[in-house]
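Owing to the predicted nature of the structure, the values given are computational and were not obtained by experimental measurement. Chain letters run A, B, ... following the sequence lines, proteins first, then strands; residues in each count from 1.
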Number of protein chains: 4
Amino acid sequence: MNERRKTRQPWNSFQVRKRDPEVKRDAVLLTAAHLFLEHGYRRTSMSELATRLNITKPALYHYFQNKEEIVVECYRRGIAVIENGLDNVLVSPSDGFHKVKAYVQAYATAIVQHEFGRCVAMLDDGALSQGTRREVRALKRRIDATLRSYIEQGMKDGSIAACDAKLAAFAIAGAVNWIGTWYQPGGPLTAEVIGAQFASLLTDGLHGSGNVSSAAGLARRDQTNARDRTASSGD
Amino acid sequence: MNERRKTRQPWNSFQVRKRDPEVKRDAVLLTAAHLFLEHGYRRTSMSELATRLNITKPALYHYFQNKEEIVVECYRRGIAVIENGLDNVLVSPSDGFHKVKAYVQAYATAIVQHEFGRCVAMLDDGALSQGTRREVRALKRRIDATLRSYIEQGMKDGSIAACDAKLAAFAIAGAVNWIGTWYQPGGPLTAEVIGAQFASLLTDGLHGSGNVSSAAGLARRDQTNARDRTASSGD
Amino acid sequence: MNERRKTRQPWNSFQVRKRDPEVKRDAVLLTAAHLFLEHGYRRTSMSELATRLNITKPALYHYFQNKEEIVVECYRRGIAVIENGLDNVLVSPSDGFHKVKAYVQAYATAIVQHEFGRCVAMLDDGALSQGTRREVRALKRRIDATLRSYIEQGMKDGSIAACDAKLAAFAIAGAVNWIGTWYQPGGPLTAEVIGAQFASLLTDGLHGSGNVSSAAGLARRDQTNARDRTASSGD
Amino acid sequence: MNERRKTRQPWNSFQVRKRDPEVKRDAVLLTAAHLFLEHGYRRTSMSELATRLNITKPALYHYFQNKEEIVVECYRRGIAVIENGLDNVLVSPSDGFHKVKAYVQAYATAIVQHEFGRCVAMLDDGALSQGTRREVRALKRRIDATLRSYIEQGMKDGSIAACDAKLAAFAIAGAVNWIGTWYQPGGPLTAEVIGAQFASLLTDGLHGSGNVSSAAGLARRDQTNARDRTASSGD
DNA sequence: GATGAATGAGCCTTCATTCAT
DNA sequence: TATGAATGAAGGCTCATTCAT
């Protein structure tokens, strides 16, 4: 509960009492991520950010050197959140196909649950300076590389049919990243539902999983519920 | 060949003073689409566009009232290109599954082949004015609705497993729209290859198509080639 | 009727048939005066004028060298209209007081009846170039000088009480020029009514004319009607 | 004296960095009013205003959101100045005729003495946006309504001859507003002289006040002086 | 440490005017 | 003669960033 409140009005930390600077930095980042996702990086002005945080513009420059440094930090946290989720996949000893499936689920969940995660998926890095863009892209690529390696592993161990691993990775990453485009934080779709559906759709395809196991049956039930609950979502 | 050249340096058309004005409008749009895709809508200034076209800034206002009118026209043409491609799907009398597959192929092809198509997929409509945004979104939604209707048809005719049609459509559309993010016009990947691969991946899943037909064998060969040729692509 | 139509859609002359160029110049001037009075000189663009006349912009430059030349000609015609009206005053052999009275009536009538007359009263000559402004001001001053001379004559012949002739002239001219600010061409007030009322108010004052003659009685009746009919006018 | 200097070169206030922000706003407004009256609203650019104030253009946007907000504030202050002057008229318990006379004097004085007052009389509100124009016109109308009510009262109590109150109000307001057209701040005419003369001319007419009282005699002497001193004024 | 004020650079747009045809 | 196209100059406004206090 308390957690929730902080998330929704992080700028309060500035007013209520003096906290340690790390908390303030966090508040700035969270609000910034919010605005960046809502209006885009370019269209979010430092003034707007400051206003939302109930502080003055120069105060922002106390915590961050640049507007750019703010986004970059959003990116970094987002990447961390995502990679954290993906780490769980690595430990499970399974074939490539199931690793990809778990990957999708983890990635989608991270993007749905964390604003920073959505920043990674949605923010246009074209506005960044060259140096920064390089860093951000390197981070992103690391995630892509992981996915590609799973796919390649799957092709080797026979769990995935021969295909262009790069294209397959692009397709999957695209579908997942795109979530940020239509996902509405307050909506009826939970991270679990989205994650499960995407994992199934992007690995099993539209026919559903080949052997209808009990797991598949369960999944299908979930999907049905999801459909019902979603009825009114979308933009 | 000659055609190709004009496409790549459309601003040349302005060198000659008297020309069919429609040709010039086209040149503006093509160059604009180019720049919008490269730097984003906001970061592309009218000055830059004019410079690239070897004309002065006010001359642009001869052909378009607004900067916004330029993007909107890009959007419109993109939508037209895409819907044109999708029309071929409609005529083929087949089950929902195969319609979706054909849809993916057609959509992906349109996005890869036409800059305007990529504009639809990539440009952030958040920079538009309310009225214009509404129009653009209505157009986009029409495409999404088509896809969703195919999925629903597939679930009815049994060719597609039960799932949340809305989520499935989002996944597919996301994967395809994302192509604009990584696709490099000069690269080795052809529209056919990308289209075929995406169609297969997003409908059959990673296991590949159930019955390995000769067609599937052919596809697999293509994919392998694609992978080799792509080796150095990506951002 | 025919007259009326020409006044309201003078640009038709361009379309219907080729007339001698003088007619076209007139059409331009009339439309220009219209727009200048409606939106002001600066806010009326040559494009707008051309559009209203159903001709192209460069065509305007065929009849006039400048935008400025257009207004100047409006001024000139307006001055001519006014001075024409004032000439009738000169011939009548009477004392200064009655000359002023007749002057007011004539001036007010000219301003109410002719758009060019209103241009003289309303258009801000601050937008003109120095040379042109000098000419226009000289023309205007001539009118003012006439009024002042009447007032001075009146003071000499005893029909007007001692006062600062310059200030008195300013007061009268201001009241009359201001008519253009509130006068609505289609409204219920006729030129005669306005002229008579202003002549009376600005010379006799608010007490009315000293000796209530039959003429005064008539005037009073007119005024009452005017008031009734005006009820809803004004901006 | 010191006060006077500040009024004439208000932009000096900006030289000192830290100042009461209200003072700076005032300086901007005063300089703006100056320029607006000199060149007109449209022809006064924000650059020019900034230059005159020895600041940069964007600094202006610290104190006002818009160019329009600057004029509107000029209007508001002008209206306040005028209504303030008119309030004194209300208290005096007299007939309509004398109220009108006092009104003219007060109005004329306000316009002559305050640049903001002159803004109300002179600035063309046609350049304003619809919403703003509505506000300004409503304010202006309030002043006009006051005058009209005095005239109507005068007609009822018999101190003013029957006439069209609306036209009479227009005539008087026009004469007074026009003052801004010819009045030169540095010239020899004082506010008192102008106010007294206009009050007399616009209510008593050119014959002078009916009963020549000692007051009238005094007035006549003032007028004579005024004329002498004015000799070189006018535009 | 925090703030009100200020700035330089840049962007979209308008307009009177002139070519080239 | 008449026109579609083009232009130079300027204007209002925004924004990330930095002083001076």
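As a whole-Å value, the separation of C:L53 CG from F:dT3 C1' is 16 Å. Taking atom CD of residue A:E48 and atom P of nucleotide F:dT14, one finds them 13 Å apart after rounding to whole Å. Regarding D:L49, its CG atom lies at a distance of 14 Å from the C1' atom of F:dC13, rounded to whole Å. Rounded to whole angstrom, the span from the NE2 atom of C:H39 across to the P atom of E:dC15 amounts to 12 Å. The interatomic distance linking D:Y41 (OH) with F:dG11 (P) rounds to 14 Å, in whole Å. When the P atom of F:dT14 is taken as reference, atom CZ of A:R42 falls 16 Å away, rounded to whole Å. Per the geometry, CG belonging to A:L60 stands 12 Å off C1' belonging to E:dT3, to the nearest Å. Atoms CD1 (D:I70) and C1' (F:dG11) sit 14 Å apart, rounded to a whole Å.
Closest-nucleotide positions on DNA chain F for A:S47 and D:S47 were compared, and the one nearer the 5' end corresponds to D:S47. Comparing B:A59 and D:R43 by the nucleotide of DNA chain F that holds the closest heavy atom to each, the one mapping nearer the 5' end is B:A59. Each of B:K67 and D:P58 lies near DNA chain E, and the nucleotide nearest D:P58 is the one positioned closer to the 5' end.
For C:M46, the side-chain atoms get nearest to E:dT17 when compared with the rest of E:dT17, F:dG12, E:dC11. For D:S45, the listed nucleotide lying nearest its side chain is F:dG11; candidates were F:dG11, F:dC13, E:dA16. Checking F:dA6, F:dT3, F:dC13 against the side-chain heavy atoms of C:T56 singles out F:dT3 as nearest. Out of F:dA6, E:dT13, E:dT18, the shortest distance to the side chain of B:Y61 is found at E:dT13. Distance from the side chain of C:Y63 is smallest to F:dA2 among F:dA2, E:dG8, E:dG10.
Residue pairs meeting the salt bridge (charged side-chain N to carboxylate O under 4.0 Å, His left out) criterion with at least one partner in residues 31-43 of chain B, sequence neighbours excluded, are A:D124-B:R43, B:E38-B:R52.
Between C:D125 and C:R134 no salt bridge is recorded (no basic side-chain N to carboxylate O distance below 4.0 Å).
A close approach under 4.0 Å does not occur between any side-chain nitrogen or oxygen of C:K57 and OP1 or OP2 of F:dT7. Between A:N66 and the phosphate of F:dA16, there is no side-chain N or O to OP1/OP2 separation shorter than 4.0 Å. For F:dA6, the OP1/OP2 oxygens have no side-chain nitrogen or oxygen of B:H62 closer than 4.0 Å.
When the options A:R133, A:E135, A:R137 are evaluated for a side chain to side chain contact (heavy atoms under 4.5 Å, CB included) with A:L128, the one that passes is A:R133.
Within the 4.5 Å cutoff, the side chain of A:L139 has no heavy atoms near those of the A:Y75 side chain.
With D:R25 contributing its side chain and D:Y63 its backbone, the two residues share a donor-acceptor pair below 3.5 Å.
Residues C:L37 and C:E115 come closest through the heavy atom pair CD1-O, 3.6 Å.
Under the rule for a salt bridge (Lys or Arg N to Asp or Glu O under 4.0 Å), B:K67 has no partner lying at least two apart in sequence or in another chain.
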Step-by-step side chain to side chain contact (heavy atoms under 4.5 Å, CB included) determination, D:L123 to D:V136: CA-CA 11 Å; D:L123 261 35; D:V136 167; over 6 Å; no
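Each end of the helix from E:dA2-F:dT21 to E:dT21-F:dA2 gets its own axis from five base pairs, and the two axes differ in direction by 30°, given to 10 degrees.
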